[in-house]
Amino acid sequence: MPPTRARNTYLANAVAGAPRERLLTMLYDALVNNIAVAEDALDRKDFFVLNERLLRAQEIVLVLRGSLKPEIWSGGPALMSIYAYVYKLLVRGNVHKDATALADARKILEPLQAAWHVAAEQVLAERASRPAEAGAALSA
């Protein structure tokens with residue numbers, strides 16, 4: 001199996017088997033990684049890789065925006081605005097080869113990435129503790 005195909009198969013299986021809390025963190029990880037690689041490509045003047053990675057990053061932002069339900073969470077409208085702004089920064093970075101726009105987008109997203117990782121860990125830890133609590137209640 002060619003390396004690219006094997007990698008794509010591995011990634012597809014990782015996504016398919018991931019708990020839903022991890023899917024969001026995986027999207028953020030891919031988003032921030034694509035921006036970092038794009039920044040490096042811009043430094044090297046590799047405009048093909050720059051464009052490729054920023055198009056992927058833009059797609060991820062659109063997925064995040066599409067999955068957000070701002071009406072059910074008080075912070076939803078603000079996060080929707082952040083996604084819209086980051087999207088504009090990514091387009092500006094790609095069209096105008098603007099390193100500052102890319103750096104700004106990454107700086108906005110990295111704290112969100114870290115916060116979602118913490119939230120996912122908390123949810124997974126709570127879920128893991130529930131079966132033990134239910135078992136303890138039954139044996140008491």
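Residues: numbered from 1 along the sequence shown. When reading the values below, keep in mind they use all heavy atoms of this one structure, side chains included, and skip hydrogens, waters and symmetry mates.
- Between Ala101 and Gly93, the closest heavy-atom pair is CB-N, 4.0 Å.
- Considering only heavy atoms from C-beta on, Val118 comes within 4.5 Å of Gln122 through its side chain.
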Fill in: Verdict with reasoning, Ile60 to Leu64, per side-chain contact (heavy atoms from CB on, under 4.5 Å)
CA-CA 6 Å; Ile60 294 169; Leu64 290 169; 4.1 Å; yes
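- The closest side-chain heavy-atom distance from Asp46 to Asp40 is not below 4.5 Å.
- Atom-to-atom distance recorded for Asn51:CG and Leu42:CG is 12.0 Å, nearest 0.5 angstrom.
- Counting heavy atoms of neighbouring residues, nucleotides and ligands inside a 6.0 Å radius, atom NZ of Lys107 does not exceed 12 of them.
- Ala105 and Leu90 make their closest contact through CB-CD2, 4.1 Å (heavy atoms, listed as atom of the first residue, atom of the second, distance).
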Discussion item. Test side-chain contact (heavy atoms from CB on, under 4.5 Å) on Thr25 and Gln113; report intermediate values, then the result.
Written reply: CA-CA 7 Å; Thr25 62; Gln113 176 189 26; over 6 Å; no
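- Under the side chain to side chain contact (heavy atoms under 4.5 Å, CB included) criterion, Lys45 pairs with Phe47, sequence neighbours left out.
- With rounding to the nearest 0.5 Å, the separation of CG in Leu112 from CG in Leu24 is 9.5 Å.
- The side-chain heavy atoms of Arg92 and Thr100, taken from C-beta on, include no pair separated by under 4.5 Å.
- The hydrophobic cluster of Leu55 has no other members, since no ILVMFWY side-chain heavy atom comes under 4.5 Å of it.
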Item to complete: For the pair Arg44 and Glu39, evaluate side-chain contact (heavy atoms from CB on, under 4.5 Å) and give the outcome as yes or no after the intermediate values.
Response: CA-CA 9 Å; Arg44 293 181 290 106; Glu39 288 177 297; over 6 Å; no
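- Residues Leu54 and Leu102 meet the side-chain proximity criterion, which asks for heavy atoms closer than 4.5 Å.
- Between the CG atom in Leu68 and the CH2 atom in Trp73 there is a gap of 7.0 Å [rounded to 0.5 Å].
- A search for salt bridge (Lys or Arg N to Asp or Glu O under 4.0 Å) contacts involving Glu59 returns nothing, not counting sequence neighbours.
- Atoms CZ and CG, from Arg106 and Leu31 in turn, are 11.5 Å apart once rounded to the nearest 0.5 Å.
- Leu124 is not connected to Leu27 by any chain of hydrophobic side-chain contacts under 4.5 Å among Ile, Leu, Val, Met, Phe, Trp and Tyr, and they are in different clusters.
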Let me have the donor-acceptor pairs involving side chains of residues 80-89, under 3.5 Å, with sequence neighbours excluded, atom names and distances please.
residue : atom : partner : partner atom : Å
Ser81   : OG   : Pro77   : O            : 3.2
Tyr83   : OH   : Tyr28   : OH           : 2.7

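- Take Glu52 and apply the side chain to side chain contact (heavy atoms under 4.5 Å, CB included) test, not counting sequence neighbours, and it matches Phe48, Arg56.
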Practice prompt. Evaluate side-chain contact (heavy atoms from CB on, under 4.5 Å) for Leu79 paired with Arg65, printing each intermediate quantity in order.
Written response: CA-CA 9 Å; Leu79 188 55; Arg65 282 180 61 184; over 6 Å; no
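- Scored by the side chain to side chain contact (heavy atoms under 4.5 Å, CB included) test, Asn33 finds Val37, Arg53 as partners (sequence neighbours excluded).
- In this structure, His117 NE2 and Met26 CE are separated by 10.0 Å, a value rounded to the nearest 0.5 Å.
- Under the 4.5 Å side-chain heavy-atom criterion for grouping Ile, Leu, Val, Met, Phe, Trp and Tyr, Trp116 is not connected to Leu23 through any hydrophobic cluster.
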